[in-house]
Undergrad: 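Structure in structure tokens, see below.
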Amino acid sequence: MMSEKIISVDVLARVEGDGGIQVYTKDGKVDKVLVDIFEGPRMIEALVRGKTIHENISLVARICAICTVSHRNASISAIEKALKVKVPEKTQLLRHLWHYAEYIESHVLHVYYLALPDFFKQASAIAMLPTHTDTVVEAVVMKKYGTELMKLLHGRKIHGENALIGGFGRVPTDEELDYFAEKAVEFKEKISAFIEVWGTLPIPDYCERETQFMCCNPANGKFGFEGETILISTGEEYPVEDYKKLTNERVVEHSYAKRSKYNDKPFTVGALARLILIGDRLTGEAKEKFDKYYNDKWKVNPIYNNMAQLIEALWCFEQIPGLIDQIKALPDSEIVTNYEMDGKGTAAVEAPRGTLYHSYEIKDHKIVHADIITPTAQFLDDVEEFIKTAAEKLLAEDNPDTELQLEMIARAYDPCISCSCHMVKLVKQ
Amino acid sequence: MWKREKKPVVGVFGFSGCAGDQLAILHMEDELVDFFTSADIKFFHMAQSHQEVEHVDIALVEGSINTDKQLAELKEIRKKADIVVALGTCATHGGIQYLGDNEKEFEERMLLVYGKDGKIPEFSELVGNPIPAKPIHKFIEVDFSIPGCPIAKENFIPIYTKLISGLKPSKYPYPVCIECKFQGNDCFLLHGEYCLGPVTAGGCDACCPTFGVPCVGCFGAYEGANFESMIEKLIEIGLTEEDAKRKLMMFGGEATELALKGEK
Ligand code: SF4
Ligand code: SF4
Ligand code: SF4
């Protein structure tokens, strides 16, 4: 008898944004997988047209709350490139610090609050409070470090206005910075210990398949979160200006987030991609952990993204004290206000979830054309492919936890589709 | 000791926006455990799974409505909730994506972002049909509004505490300027620099001017705003009328749009 059914995760919980998963099966085989994004169309690229460059950076930050820094940062960088703004070293270093703060906020939120509960079959981090009090409290204080550091640099925890084209409105004092330098040492120990705990968790292996990876190539062979070129796991490298060739955005009917493919194949961006491509450039304890835990499985199993994020968060904590010393040694500088009126510029930064492109055409300091490609738009095709692989395997073995397992894959990617629940249904037709 | 018989059931729901108001709740690290234990949080997609909900005492609703599917869900929430609270400027005013109702302009934007071969593609019923973004009070009765892009905890916590205690919260009555004065800041406008504090709903403790950067108006229009004199002032310091209006509309939503048209 022919049977058709749909495994439907109507709304994905514990991700940022509104999306669901539909797995259609026919005769016990997976027919197709759709990750549908029903977050409504906000059409940011259309609404920033005609706005000034300064208005633009406030608006585009609102694309995503968790990645507010990455959006504002990418947008400022692209505009500064377009208008040939040269900012002093202190500003550049403060921007690194600002970006690391977001990595800590975002990675801790994702691994501890959003991903960890799955491994204990719990509904939320808060539900784990009675049984795993120390871990939950540690997560809360560590995330607070990240959000407070974001607040120090951009004025609010979310969507602050202090980071401007040409510099920062208010520059933090040495005393304020010292506090974060000291605390970073403390949290470095904590997250390092947690990596050892995470290393003992069983990583499901039902979703293994080969794919491609991409990330920014930071200058001077260093590890970091921005670059002028994009590295691809095929061995190719392109300038960020070629981003359209790399992403080939297209519209699909089941999603208001656009989709990307490279060489007609899906690809992955984010912490996992970065560590696969440039993880050997890590330093310090982060490098030690990477050497200890990295293996070939990372290239075929997206669940390792969680571990990759933890290692990056550790790296950020390790960088912060030295970076703060460098910042303190430099004199404060005025915001750069003298620059060209027209230009075109593209910048890529690594948002916590992957490469983020902002590209602008500017005339008289107003936006004529904007193109923004988010990490989630790039990796959703790959999420669908991994879910398909997993669903085939899980269905074949009649796994009772199929829905949860499929959600774990989607959540491991840490998609940023702004948010929703766990009304998983297995619909037999 | 005073003891509630039953914790109120609360749901946190999100529509189109950046999820920043939900995240602002998760970013209240010091109050987080209280938030999750002082009420029975039955529904909060961003933070927890395994939830189905028949009835909530209080629904906190984030985001604007921009698909027919969201509209149907919003109406569902209204049916299930005793009290509906709009959370954040997208829900209260429409947010940055509020660009009015003009159908032709809406189609042009859709074409620009999603168009292929000069046509807007069809979207499947899984995601719903697109409509111009609007604040939630355009579609359902809203009992209370908490603006902010995102909401500020200084403003949210007192209101929320009243809500879960069965008390009626009162509307925050001041614009950003009043808070700015309390902070003892020097005023941008007096130095000939732009700032939207006078026409912007307060609640953020004037955090941007306190940081040395102007208020861009992210809490949306202040109810008692005098837009005419704001525009005059902005023109006086060197903006064109068009610039002034565009800045006012960034977060102003429908309320500002109507006021600027003289229809309020
Ligand atoms: S009001 Fe602002 S913070 Fe809240 S969802 Fe909308 S854009 Fe995000
Ligand atoms: S700086 Fe802005 S918010 Fe403060 S008093 Fe002046 S106009 Fe009002
Ligand atoms: S000062 Fe203005 S822009 Fe800043 S948070 Fe308050 S309302 Fe928003």
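Letters go in sequence order (proteins before strands), and every chain restarts at 1.
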Undergrad: Side chain from CB out, backbone as N, CA, C, O: work out which of these in Arg62(A) comes under 4.5 Å of a heavy atom of chain B, or both, or neither.
TA: both
Undergrad: Measure Lys151(A) against the heavy atoms of chain B and call it side chain, backbone, both or neither at under 4.5 Å.
TA: backbone
Undergrad: Roughly how far apart are Met249(B) CE and Lys51(A) NZ, rounded to 0.5 Å?
TA: 8.5 Å
Undergrad: Only pairs of heavy atoms separated by less than 4.5 Å count here; which of Glu55(A), Arg170(A), Lys157(A) has the most with chain B?
TA: Glu55(A)
Undergrad: Could you look at Leu152(A) and say if it's the side chain, the backbone, both or neither that has a heavy atom under 4.5 Å from chain B?
TA: backbone
Undergrad: Against chain A, label Ile151(B) side chain, backbone, both or neither, depending on which of its atoms sit under 4.5 Å from a heavy atom there.
TA: backbone
Undergrad: Under 4.5 Å from any heavy atom of chain A, what part of Leu26(B) do you find: side chain, backbone, both or neither?
TA: both
Undergrad: Just to be sure I understand the criterion: a residue of residues 91-98 of chain B counts if one of its heavy atoms is under 4.5 Å from a heavy atom of chain A. Which ones qualify?
TA: Ile96(B), Gln97(B)
Undergrad: Considering only heavy atoms, which portion of Asp21(B) lies under 4.5 Å from any heavy atom of chain A: side chain, backbone, both, or neither?
TA: neither
Undergrad: Mind listing the closest non-hydrogen atom pair of Ala65(A) and Ala19(B) along with its distance?
TA: CB-C, 4.0 Å
Undergrad: Minimum heavy-atom separation for Ile63(A) to Cys18(B), with atom names?
TA: O-CB, 3.5 Å
Undergrad: Does anything in residues 128-137 of chain A form a side-chain hydrogen bond (donor to acceptor under 3.5 Å, both in side chains)? List the pairs, not counting sequence neighbours.
TA: none
Undergrad: Heavy-atom distances under 4.5 Å only: say whether Ala24(B) touches chain A with side chain, backbone, both or neither.
TA: both
Undergrad: So which part of Cys215(B) gets closer than 4.5 Å to some heavy atom of chain A, the side chain, the backbone, both or neither?
TA: neither
Undergrad: Would you mind checking which part of Ile126(A) comes under 4.5 Å of any heavy atom in chain B, side chain (CB onward), backbone (N, CA, C, O), both or neither?
TA: side chain
Undergrad: When only pairs under 4.5 Å are counted, which of Thr210(B), Val12(B), Asp30(B) shares the most heavy-atom pairs with chain A?
TA: Asp30(B)
Undergrad: State, to 0.1 Å, how close Arg156(A) and Pro150(B) come at their nearest heavy-atom pair, and which atoms those are.
TA: NH2-O, 2.8 Å
Undergrad: With the side chain counted from C-beta on, respond yes when Leu32(B) and Lys144(A) share a heavy-atom pair under 4.5 Å apart, and no when they do not.
TA: no
Undergrad: How many angstroms lie between atom CZ of Phe44(B) and atom OG of Ser124(A), to the nearest 0.5 angstrom?
TA: 10.0 Å
Undergrad: Check this for me: Gln183(B), atom CD, are more than 12 non-hydrogen atoms of other residues, nucleotides or ligands nearer than 6.0 Å?
TA: yes
Undergrad: Are Val33(B) and Val140(A) close enough that some pair of their side-chain heavy atoms sits under 4.5 Å apart?
TA: no
Undergrad: Which residue is it: His159(A), Glu161(A), His54(A)? I am looking for the one with a side chain to side chain contact (heavy atoms under 4.5 Å, CB included) to Val216(B).
TA: Glu161(A)
Undergrad: Please lay out, stage by stage, how Thr52(A) and Arg246(B) fare under the test side chain to side chain contact (heavy atoms under 4.5 Å, CB included).
TA: CA-CA 10 Å; Thr52(A) 69; Arg246(B) 192 189 57 247; 3.3 Å; yes
Undergrad: With a 4.5 angstrom heavy-atom cut-off, which part of Phe13(B) approaches chain A: side chain, backbone, both or neither?
TA: neither
Undergrad: Can you tell me how far apart CD1 (Ile66(A)) and NE2 (His27(B)) are? Round to the nearest 0.5 Å.
TA: 7.0 Å
